[in-house]
Number of protein chains: 2
Amino acid sequence: MKKTTIKDIAKEANVSIATVSYILNNVKTQSISDETRVKVLKIAQQLKYVTNRTAQSLKINKTGLIGIILFKEENQHVWSDLKYAKAIFKLEQLFSKLGYHVLFMQIDSMTPSNKIIMERNLDGAILINVDQDKFSTISNYFGFGVPVIVMDSYIDNSLFHKVLPDIEQSFNLSQGLLGESPQFLVMDSYNNVEFVEFITHKSNLPESQIYVSDHTAGSLSIFLSQFPNSPGMVMNEFLANEVYKTHTNIVAICTCNCSEILRDDINNIRFDLNDYKEIVHMVDRYIQDVDYVNNEKFFLLPPHS
Amino acid sequence: MKKTTIKDIAKEANVSIATVSYILNNVKTQSISDETRVKVLKIAQQLKYVTNRTAQSLKINKTGLIGIILFKEENQHVWSDLKYAKAIFKLEQLFSKLGYHVLFMQIDSMTPSNKIIMERNLDGAILINVDQDKFSTISNYFGFGVPVIVMDSYIDNSLFHKVLPDIEQSFNLSQGLLGESPQFLVMDSYNNVEFVEFITHKSNLPESQIYVSDHTAGSLSIFLSQFPNSPGMVMNEFLANEVYKTHTNIVAICTCNCSEILRDDINNIRFDLNDYKEIVHMVDRYIQDVDYVNNEKFFLLPPHS
DNA sequence: TTGTAAGCGTTATCAT
DNA sequence: ATGATAACGCTTACAA
C-alpha cells in the first residue's frame, strides 16, 4: 500500500497534476473553477493525501527544517543533560508555531557529524554551547545564506548572531539583592572558553575568588571554605542549592532555566524563555526574506529578579 | 553561490553523473578504475561536496529520519519539561550512532500537527506519553510499514510496541527496600489514563492510599497527613524530595531519569537509559529489513536498586 | 480555466 | 569501465 500522490488525485479527478497542485497549495495567481476545486479537495481527503515534503523541498529548495545542534561537554556534569532541555523545548514550540520542523542533534568529540546542515538542507540552525574550534570545523559545512545563531557561545565572527544571558545586568542585579559586594563567584563551565572568560571578566572579581565548576567532587567545598559567611553569586541553580548548604547569603543566577529545582529560600535571578521569540522570528525573517539583514549581533537575554 | 552537486563533480572530472554516484556511494556491484575513482574523490573534496539527502531520500524512498514525538501534558507540572529530556537525548544519541537523524516535535492539544510522520516520510517514530485519543488521531497519518513505538503509554493496539518501566518489579524491589508493606503510593500523572490505571492496579493498594499528582499545591501534604510515620513509595524523584520532608521511610522510584536531583539519603530505584539500545536496534531492523517481525509487544525496562 | 512539460539532485537499470 | 536516461513527487512558467 503506497502513499497517495498528487498524481493519484489527478487521475481520480480527471484533471492534470498541475491543477491539483494549484488547488492544494491555494495558489493565488491561478484561478480555478469552484467545481474542480471542490472535487479535487474532496478526493484528496478521501485518499488521505498528505504533502510529500521531501519532494516539495527538493523542488522549492526549502525544507522548512531548523537544526538545533547541541554540543555536549567534555566533562559531563550531572545537570548537563537537563541544562538545555527547556531551551530546546521552547525553541521547538516557537519554530513549530511558524510552521517549521526541528531536527535535533547532539555533537560530541566522538561523533563529529558536522555536515547535517548542508546534507539536510536546513533552512536555519541554532548551535548551542559551541567552542571556537568545533565552530570552525562545522562552519565549513554551512550553506550560504543559511542563518546560523549561536547560543551561550562567543564566536569570533561577525557573520553570526549570538544569544547570551545578559551577564553584566545579572551581576548588577545580584549585587542589589545582596546589598553588598559579593566575595566569590561560583559558575558552571561552558565549552566556549571565551564565554567563560567574558563572565569572569564581568564579575570584577580576581581569579582567586572565582570557582568554575570542574566536575570533581569536593573541590567546591574547599573553595568555599575560604569565604566563611561571605556573600556570593552562584550561576546555575544546582550549584546554588549546593552552595546554600554552607553559605546562605547568596544570589542564584538561574542559567539552567530550571528555577523550580532551586530551594525557594534562595535569592535568585531568572531568564525568561519567552525572550527566544525574538530570535525565532529573526530566523524566520532571514529565511523568508533573502535580503533581510539584521546587524544586531548580540541578543542579551534580560535577567528578572 | 550554490551547493555543489554530483553534476558539478561530473563536469569537472569529465565523467558521467552515474560514475560519480557509483564512486561516492561505493557501489559494490560496479567496478571503477582506480584512476577515475581517485580523480573523482579528489574533486568532490575540493568542491566540498556533501550529499543532498533531500534528493537522495526522494529517490531511494528512505529519509533516514526518526521522529521523536512528545505529547505535552494538559496540566503542566514543574518537572514536566525535564521529565523526558534525558530519554530524548539518549535516543538521539543512539539513533545518531546508527546513522539516523532525529526530528523532534512536541504535540499539545493546541497544535495537533499530526501529519509529520507521513509528510516528512519518517522512517520510524517514537511517541512519548500519548493517550488513546491522540493516538487514534495521529495513527490515521501513519505510513504503512513505518515502525512506531510508544513510550510510557498503553495503547490498545497490538500493532505497536510499547516501552514501559517494569512497574511490577519496581514495586517488588521497593517492598524489599522498605522491609515492610508500603502504606501509600505517590505517583506522577500521565496523559495515558490506562497506564495510570495499570500502575495503581499493580500497587495492590486501595485508591484511598494512592495520590496521583494533580498540580495543585498543598493537596499532597493533605494526602500525606493521613499516613504519619508510614512507609510509602513515591514515583518521580521530584515528588520524592517533597515527600521526604515529612516521611523519611520511603522508596523513590526514579521515573524522571534524573536521580541526580534526588536527595542522596533516599532509598531509590532507577532505570538505565542504556536499555533503550534494544529498542533503537529494533527500530533499525524494522527499517532495514522489510520482512522483520518482532512479536514482543512490551519492552519492560528493568529497575535497578 | 486547465494542461504540458521542464527541472530540482539523486539512484539504478540497461546499453555501450 | 563508463554513460545515457528514466524515475522519485512536486512546483511553475508557459501554452492551449
Side-chain angles (χ1 to χ4, degrees), chain A residues 1-41 43-44 47-65 115 118-123 143, chain B residues 1-41 43-44 47-65 115 118-123 143:
Chain A
M1 193 111 162
K2 263 180 58 72
K3 264 183 59 168
T4 306
T5 68
I6 284 192
K7 201 174 173 181
D8 300 327
I9 302 178
K11 200 179 293 173
E12 187 75 16
N14 280 311
V15 295
S16 76
I17 292 183
T19 305
V20 177
S21 174
Y22 290 138
I23 295 174
L24 293 176
N25 290 25
N26 237 314
V27 175
K28 298 302 179 191
T29 56
Q30 184 63 237
S31 69
I32 298 281
S33 77
D34 270 8
E35 191 187 8
T36 45
R37 162 163 281 125
V38 168
K39 178 171 65 176
V40 165
L41 249 25
I43 292 177
L47 300 185
K48 295 191 179 186
Y49 172 79
V50 307
T51 309
N52 184 329
R53 299 272 247 140
T54 309
Q56 191 187 50
S57 301
L58 179 60
K59 179 64 197 169
I60 68 178
N61 203 25
K62 272 203 183 142
T63 55
L65 290 176
K115 304 199 270 219
M118 290 214 82
E119 263 189 358
R120 292 288 183 186
N121 305 294
L122 304 185
D123 287 347
Chain B
M1 194 108 159
K2 267 181 55 73
K3 267 182 58 168
T4 307
T5 67
I6 286 193
K7 204 173 170 180
D8 300 326
I9 302 177
K11 199 178 295 172
E12 187 73 19
N14 280 311
V15 295
S16 75
I17 292 183
T19 305
V20 177
S21 175
Y22 292 138
I23 295 173
L24 293 175
N25 291 24
N26 236 315
V27 175
K28 297 302 178 192
T29 57
Q30 185 62 240
S31 68
I32 298 281
S33 76
D34 270 8
E35 189 189 7
T36 47
R37 161 164 281 123
V38 168
K39 177 172 62 178
V40 165
L41 250 24
I43 292 177
L47 301 185
K48 294 190 179 188
Y49 172 80
V50 307
T51 310
N52 183 329
R53 296 273 247 142
T54 308
Q56 189 188 50
S57 301
L58 178 61
K59 180 62 195 171
I60 68 178
N61 202 26
K62 275 205 179 140
T63 54
L65 289 176
K115 304 198 271 219
M118 289 212 83
E119 264 189 355
R120 293 289 183 184
N121 305 294
L122 304 185
D123 287 346

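Protein chains get the first letters and strands the later ones, always in sequence-line order, with residue 1 at the start of each.
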K.L.:
Is there a donor-acceptor pair under 3.5 Å between the side chain of A:T63 and the backbone N or O of A:S57?
P.N.:
no
K.L.:
Classify A:K2 by what it touches in the nucleic acid, base, sugar-phosphate, or nothing, heavy-atom distance under 4.0 Å.
P.N.:
sugar-phosphate
K.L.:
I would like to know whether A:L24 and A:L41 meet side chain to side chain contact (heavy atoms under 4.5 Å, CB included); could you show each step before the answer?
P.N.:
CA-CA 7 Å; A:L24 293 176; A:L41 249 25; 4.2 Å; yes
K.L.:
Quick one: B:K11 NZ to D:dG3 P, roughly how many Å, whole number?
P.N.:
15 Å
K.L.:
Closest nucleotide of DNA chain D for B:L58 versus for B:R37: which of these residues is on the 5' side?
P.N.:
B:R37
K.L.:
In whole angstrom, give the distance that lies between atom CG of B:N61 and atom P of D:dC10.
P.N.:
12 Å
K.L.:
Please state how far atom NZ in A:K3 lies from atom C1' in D:dG9, giving the value in whole angstrom units.
P.N.:
9 Å
K.L.:
Send over the distance from B:I23 CD1 to C:dT10 P, rounded to a whole Å.
P.N.:
14 Å
K.L.:
For B:K7 and C:dA6, what is the distance between atoms NZ and P respectively, to the nearest whole Å?
P.N.:
14 Å
K.L.:
Can you give me the closest heavy-atom contact between B:D123 and B:G64, atom names plus distance?
P.N.:
OD2-N, 2.6 Å
K.L.:
Touch check for A:N52, heavy atoms < 4.0 angstrom, all strands: base, sugar-phosphate only, or nothing?
P.N.:
sugar-phosphate
K.L.:
Find the distance B:R120:CZ to D:dC10:P and express it as a whole number of Å.
P.N.:
14 Å
K.L.:
With sugar-phosphate meaning primed atoms plus P, OP1 and OP2, does B:D8 contact a base, only sugar-phosphate, or nothing at under 4.0 Å between heavy atoms?
P.N.:
nothing
K.L.:
Does the side chain of B:L65 come within less than 4.5 Å of A:R120's, by heavy atoms?
P.N.:
yes
K.L.:
Could you please name the option among C:dG3, C:dG9, D:dG9 that lies closest to any side-chain atom of B:A55?
P.N.:
C:dG9
K.L.:
Please check this pair: side chain of A:T54 against backbone of B:T54, looking for a donor-acceptor N/O pair closer than 3.5 Å.
P.N.:
no
K.L.:
Between A:D8 and A:Y49, is a side chain to side chain contact (heavy atoms under 4.5 Å, CB included) present by the stated rule, with each step listed?
P.N.:
CA-CA 9 Å; A:D8 300 327; A:Y49 172 79; over 6 Å; no
K.L.:
Does A:T5 use its side chain to pair, donor to acceptor, with the backbone of A:K7 at less than 3.5 Å?
P.N.:
yes
K.L.:
How close or far is atom C1' of D:dT11 from atom CG of A:N26, stated in whole angstroms?
P.N.:
15 Å
K.L.:
NA contact type, B:T36, heavy-atom cut-off 4.0 Å: base, sugar-phosphate, or nothing?
P.N.:
sugar-phosphate
K.L.:
When you check every protein heavy atom under 4.0 Å of nucleotides 11-16 of chain C, what one-letter string (B, S, -) results, 5' to 3'?
P.N.:
BBBB--
